[in-house]
Trainee: 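One structure is given below, represented as structure tokens, and several questions about it will come after.
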Amino acid sequence: MSGFTFTIDGVDVPAQDGQTIMEAADAAGVYIPRLCDHQGLRHQGGCRVCTVKAAGRSFSACTQPATPGLQVENETPHINKLRRDLVEMLFHEGNHLCPICEASGNCELQAMAYRLDMTAPTKFPYLEPSRALDASHPDIALDTNRCISCGRCIRASQDIDRKGIFGYVGRGIRRRVAVDGADLAHTDAQVTDHAISDDVCPVGCIIRKRVGFATPIGERKFDQGLIGHEIEERGDD
Amino acid sequence: MPQRPGESVSEENRNPDADADAIRQICDRYANDRHRMMDILRDVQDRFRWISPEAMVEIATRTGLTRIAVEGVASFYAFFTQQPAGRVTIRLCDDIVDRFAGLPEVTAAFEKALGIGIGQTTPDGAFSLEYTPCIGLCDQAPAAMVNDIVVTALTPERVHEIVRQMKDGQRPEDLVSHRFDEIRPYERAARMVQNNVRHAGAVLLGPVPQDAGLAKALGLSPSQIIDAVEASGLRGCGGAGFPTARKWRAAAATGAERRVVIGNADEGEPGTFKDRVLLTERPHLVFEGMTIAARAIGASEGILYLRGEYVYLRDLIEETLAERREKGLLGKRIMGVEGFDFDIRLQMGAGAYICGEEGALISSCEGLPGEPKTRPPYPVNRGYLGFPTVVNNVETFSHVARILDRGAGWFYAMGTEGSHGTKLFSVSGDCINPGIYELPYGATVQELLAMAGGDDAEAVLVGGPSGTMIARDTFDRRLTFDDLATGGAVVIFNGKRNILEIVEYYMSFFVHESCGYCTPCRVGNVFLQKAIAKFRAGLANPGDIDYLKDLSATIIETSRCGLGMTSPHPILTTLENFPLVYSAMVKPTRDRIRDTFDIQSAIDGARKLAKRRSYIFDKDYGQ
């Protein structure tokens with residue numbers, strides 16, 4: 001592998017051949033916001049929150065290969081506005097009621113909204129879909145009202161657990177994550193699956209029963225710092 | 001095979017073992033290959049009229065997939081159903097052109113004659129009635145599919161006749177001819193559909209000597225073929241206009257043991273139907289071009305991807321392919337050239353506009369939901385099943401065959417700088433002569449309107465909804481890549497048409513056809529559609545014009561493929577060229593108060609839940 005450098009917001013970033021913009025940025029301690037991308041899983045490029053620009057074109061940083069000399073724009077006011085629009089779209093697409101959600105404080109969607117200054121009422125209409133709750137499984141509940149269709153559980157179950165418990169069905173605004181059975185109890189899902197572990201689902205859709213609120217609100221993941229701070233701290237070393 | 005109404009087994013006395021057996025046979029037909037999922041699901045749908053949960057489990061077992069993976073494909077395509085569809089399924093084209101040509105009356109006639117509404121199936125399972133987006137028959141609207149055949153220029157009288165024949169137990173094929181099985185596929189197609197070739201140009205629709213281009217190509221080296229295509233200036237005819245030779249050169253230069261040529265006949269852009277005519281009138285030319293491409297890039301496999309709406313052309317295409325195999329124009333040692341082996345299979349689509357996008361088309365050929373692929377890698381480097389793949393529109397391939405016959409210079413001399421050769425234009429809407437016009441690039445919209453008899457045009461949509469809607473004052477614009485780029489759709493609207501109704505229809509089309517993979521296209525287009533509905537209902541504010549522009553910009557800038565990058569065009573191009581249409585809807589009211597909130601629709605859900613009406617908001621209730 002041969003190395004080269006490119007820039008993100010004017011800062012030199014080292015990269016290896018074959019690395020995506022995001023992989024190189026992560027290694028260099030430069031955070032690029034993302035929701036559907038997750039450590040250890042295939043890149044999907046679906047949520048588009050990691051949109052960056054270079055030479056006037058937009059790319060998803062999680063899938064676009066870094067190239068020598070590329071000048072990437074990441075945290076500009078314009079790109080942050082695009083990302084805020086996308087995060088707002090996700091809030092309006094589902095039914096996200098943070099105050100009553102078990103994931104509040106651990107939720108990447110909520111944390112991303114804070115990072116992107118989504119503090120005022122939004123201009124989009126609420127779609128208020130009617131979505132199902134699946135509490136059939138003895139150890140796991142699915143509240144699909146909160147699903148943002150990131151597909152992380154799908155990839156984790158397919159590629160890491162080798163089970164394929166989850167999959168997308170439908171198309172367009174009706175596209176959703178579904179399970180490989182009449183309900184979750186009729187799949188071979190286990191609470192020990194990587195797909196079910198607490199950091200694969202970025203929101204409060206996949207819920208492990210009997211451990212809710214074990215960590216009190218105020219002491220949760222994103223109460224410690226903005227989303228992305230762990231990556232940014234790498235850059236401070 | 002299509003079944004007679006009343007012939008198939010009713011739901012109650014189905015034999016599950018026999019069903020499972022039939023599904024196993026279907027899977028066997030495709031060697032239990034998961035990449036042939038489209039064909040498997042299509043055959044299961046035709047046999048059982050739906051894809052049942054049990055069928056999905058059986059297919060999953062046979063192909064080594066999970067059931068959810070099979071359901072992912074089955075639920076993606078509009079022509080696969082997860083509820084039993086009627087033995088006769090009538091799909092009415094609800095394109096805006098059909099609406100203006102009398103679709104409401106035709107729909108009402110079907111609903112009355114069948115006793116069901118749109119989206120319903122008769123209790124005896126005999127009939128289903130549905131809407132479907134543009135089926136490529138805008139020049140003879142209103143049109144519909146009846147199972148695998150099409151009926152055009154519908155009137156309420158014709159609808160009654162169709163329903164009567166079907167209820168009498170005739171097959172949909174009998175609507176074409178009682179001798180359907182005896183007549184040749186070309187004649188079947190010609191009886192169903194008028195091809196309305198209004199102007200034949202020098203390249204495609206004029207006299208064409210068969211396989212002369214291929215014969216000459218075989219006298220050249222592969223790189224000389226690509227040089228000729230490059231010198232001709234040929235660019236892709238599907239809409240994007242990418243230089244054809246550059247694509248081919250990249251695929252040829254990528255080291256691989258297999259390479260693939262795919263003909264894109266998934267023309268789904270509302271208002272386009274040129275590929276339908278090309279495949280009916282010049283099918284050999286399409287395959288000749290694909291064979292030349294195979295020679296140029298070193299491919300041994302070819303696929304023609306035909307949109308599900310054009311299933312009525314399936315037999316014609318299969319017959320053409322068989323004829324070419326017989327003549328040694330496909331298969332081993334083509335035209336006697338040692339080592340030149342190439343064959344083409346037909347891949348049917350199943351109702352998904354997005355499959356016209358090359359990555360999505362490849363996904364569909366691989367048996368996956370029609371989702372665009374992440375780029376890079378580009379298909380020319382890693383396409384179908386990971387092999388270098390050239391995907392071109394079928395018109396592009398046809399041009400190639402003619403270029404090789406007549407020479408690059410001949411083609412280059414036609415058209416304008418940067419837009420060489422001729423183009424097929426599909427003209428429909430408010431004009432006297434809708435149909436196909438093959439013209440050199442560079443004609444003005446005005447000239448085309450004069451030929452088509454569209455004298456009272458007030459708006460012309462060039463390139464379909466993902467293109468540009470222009471107004472009278474710019475009808476002198478030219479049909480070239482540099483001015484009004486188009487895959488060929490030209491839809492004409494006269495002054496009686498409501499621009500916002502047209503825009504709202506096209507936004508609903510994009511909402512229906514978005515694959516849903518990426519956030520901005522999946523969600524943003526729904527917001528745009530809702531915003532236009534607000535304008536139409538008189539509930540919009542002046543600030544909503546900026547909202548439309550702002551939201552459109554986000555969708556265009558962040559979407560993953562061409563669908564989302566162009567879906568706001570109906571709004572943006574009408575905002576630019578018909579600004580008064582929007583400003584008229586947001587004029588200040590006399591009392592300076594503008595309703596932006598519709599209380600009636602807001603409480604409608606509560607009314608239904610409570611099963612009662614409101615003392616306050618339903619003025620006629622309980623006073």
Side-chain angles (χ1 to χ4, degrees), chain A residues 35-36 42-51 53 57-60 62-65 78-79 81-94 123-125 127-128 148-151 154 157-158 163-182 187, chain B residues 53 57 60 65-78 82 352 354 369-377 510-527 529-531 533-534 543-544 546-547 550-551 553-560 563-565 605:
Chain A
L35 286 172
C36 73
R42 257 183 298 133
H43 305 301
Q44 177 158 299
C47 74
R48 313 308 284 178
V49 172
C50 72
T51 296
K53 303 204 77 160
R57 291 185 59 196
S58 315
F59 309 98
S60 52
C62 68
T63 60
Q64 186 69 21
H78 176 68
I79 292 173
K81 188 260 175 204
L82 295 178
R83 291 171 179 165
R84 196 160 54 239
D85 279 355
L86 295 167
V87 170
E88 289 180 8
M89 284 180 194
L90 292 171
F91 269 101
H92 284 252
E93 182 189 21
K123 54 197 178 297
F124 297 136
L127 300 186
E128 295 173 343
I148 57 169
S149 292
C150 68
I154 299 176
S157 186
Q158 271 175 3
K163 285 186 173 179
I165 284 164
F166 301 101
Y168 286 116
V169 297
R171 118 179 152 198
I173 194 67
R174 294 206 176 88
R175 188 183 198 246
R176 63 189 176 86
V177 176
V179 299
D180 189 40
T187 67
Chain B
V57 171
L65 292 170
T66 56
R67 184 201 57 88
I68 195 75
V70 176
E71 187 181 344
V73 185
S75 60
F76 187 89
Y77 297 91
Q82 286 161 84
I354 185 63
E371 288 164 352
K373 290 184 182 290
T374 298
R375 305 157 70 99
F510 285 126
V511 167
H512 188 261
E513 297 301 330
S514 166
C515 79
Y517 191 107
C518 75
T519 309
C521 178
R522 180 181 74 238
V523 186
N525 282 316
V526 177
F527 293 168
Q529 184 193 8
K530 284 182 178 289
K534 253 176 93 176
D544 286 330
D546 289 333
Y547 170 78
D550 184 66
L551 174 54
T554 298
I555 296 171
I556 289 171
E557 236 177 306
T558 59
S559 282
R560 185 165 173 263
L563 195 157
M565 291 174 199

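The structure displayed is predicted, hence computed values, not measured ones. Below, chains carry the letters A, B, ... as their sequence lines are ordered, and counting in each starts from 1.
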Trainee: Please evaluate residues A:V179 and B:I68 with respect to the criterion side-chain contact (heavy atoms from CB on, under 4.5 Å), reporting the C-alpha separation (whole Å), side-chain torsions for both, the decisive distance (0.1 Å), and the verdict.
Mentor: CA-CA 7 Å; A:V179 299; B:I68 195 75; 5.8 Å; no
Trainee: Say you draw a straight line from CG of A:D180 to CG of B:L65; how long is it, rounded to the nearest 0.5 Å?
Mentor: 10.5 Å
Trainee: For B:E557, which of A:K53, A:K81, A:R48 qualifies under salt bridge (charged side-chain N to carboxylate O under 4.0 Å, His left out)?
Mentor: A:K53
Trainee: Taking the side chain as every heavy atom from C-beta outward, state whether B:T558 and A:S58 have any atom pair closer than 4.5 Å.
Mentor: no
Trainee: Which atoms of B:A60 come close to chain A, meaning under 4.5 Å heavy atom to heavy atom: side chain ones, backbone ones, both, or neither?
Mentor: neither
Trainee: For the candidates A:P125, A:G164, A:G45, A:C36, which exhibits the highest count of non-hydrogen atom pairs separated by less than 4.5 Å from chain B?
Mentor: A:P125
Trainee: Can you tell me which portion of A:L35 sits under 4.5 Å from chain B's heavy atoms? Options are side chain, backbone, both or neither.
Mentor: neither
Trainee: With chain A as the partner, which of B:S559, B:A69, B:A531 has the greatest number of non-hydrogen pairs under 4.5 Å?
Mentor: B:S559
Trainee: To the closest 0.5 Å, what do you measure between CZ (B:R67) and OG1 (A:T187)?
Mentor: 10.5 Å
Trainee: Which bit of B:L551 comes within less than 4.5 Å of chain A, counting heavy atoms only: side chain, backbone, both or neither?
Mentor: side chain
Trainee: Looking only at heavy atoms and a cut-off of under 4.5 Å, which of A:C47, A:G46, A:S149, A:A182 has the most pairs with chain B?
Mentor: A:G46
Trainee: Answer with side chain, backbone, both or neither: which region of A:V49 has an atom nearer than 4.5 Å to a non-hydrogen atom of chain B?
Mentor: neither
Trainee: Do you know which of B:H512, B:K530, B:R375 has the most heavy-atom pairs under 4.5 Å to chain A?
Mentor: B:H512
Trainee: For chain B, which candidate among A:I148, A:L127, A:I154 shows the most heavy-atom pairs at distances under 4.5 Å?
Mentor: A:L127
Trainee: Could you give the distance from SG (B:C518) to CE (A:M89), rounded to the nearest 0.5 Å?
Mentor: 9.5 Å
Trainee: Would you mind checking which part of A:K163 comes under 4.5 Å of any heavy atom in chain B, side chain (CB onward), backbone (N, CA, C, O), both or neither?
Mentor: backbone
Trainee: Less than 4.0 Å between a side-chain N and a carboxylate O, is that true for A:R175 and B:E371?
Mentor: yes
Trainee: Under the side-chain contact (heavy atoms from CB on, under 4.5 Å) criterion, do A:V169 and B:F76 qualify, and how do the steps go?
Mentor: CA-CA 7 Å; A:V169 297; B:F76 187 89; over 6 Å; no
Trainee: With a 4.5 angstrom heavy-atom cut-off, is it the side chain or the backbone of A:Q44 that approaches chain B, or both, or neither?
Mentor: both
Trainee: What part of A:F59 gets closer than 4.5 Å to chain B, counting heavy atoms only: side chain, backbone, both or neither?
Mentor: neither
Trainee: Side chain from CB out, backbone as N, CA, C, O: work out which of these in B:D550 comes under 4.5 Å of a heavy atom of chain A, or both, or neither.
Mentor: both
Trainee: Heavy-atom distances under 4.5 Å only: say whether B:Y547 touches chain A with side chain, backbone, both or neither.
Mentor: side chain
Trainee: Sort out for me which of B:G72, B:A74, B:P520 touches chain A most, counting heavy-atom pairs under 4.5 Å.
Mentor: B:P520
Trainee: Which region of A:S60, side chain (C-beta onward) or backbone (N, CA, C, O), has a non-hydrogen atom less than 4.5 Å from a non-hydrogen atom of chain B, or is it both or neither?
Mentor: neither
Trainee: So what's closer than 4.5 Å to chain A heavy atoms on B:T554: side chain, backbone, both or neither?
Mentor: both
Trainee: Look only at the side chain of B:S514 and the backbone of A:G172, and say whether a donor-acceptor pair between them is shorter than 3.5 Å.
Mentor: no
Trainee: Side-chain contact test, heavy atoms from C-beta onward, threshold under 4.5 Å: evaluate it for B:E513 versus A:R171 and give yes or no.
Mentor: yes
Trainee: If you compare all heavy atoms of B:P376 against all heavy atoms of A:P65, which two are closest, and at what distance to 0.1 Å?
Mentor: CG-CD, 3.5 Å
Trainee: Quick one: CZ on B:F527 to CD1 on A:I173, what's the gap to the nearest 0.5 Å?
Mentor: 7.5 Å
Trainee: Under a 4.5 Å heavy-atom cut-off, does chain B meet the side chain of A:Y168, its backbone, both or neither?
Mentor: backbone
Trainee: Roughly how far, to the nearest 0.5 Å, is the CD1 atom of B:I556 from the CG atom of A:L82?
Mentor: 11.5 Å
Trainee: With a 4.5 angstrom heavy-atom cut-off, which part of B:Y77 approaches chain A: side chain, backbone, both or neither?
Mentor: backbone
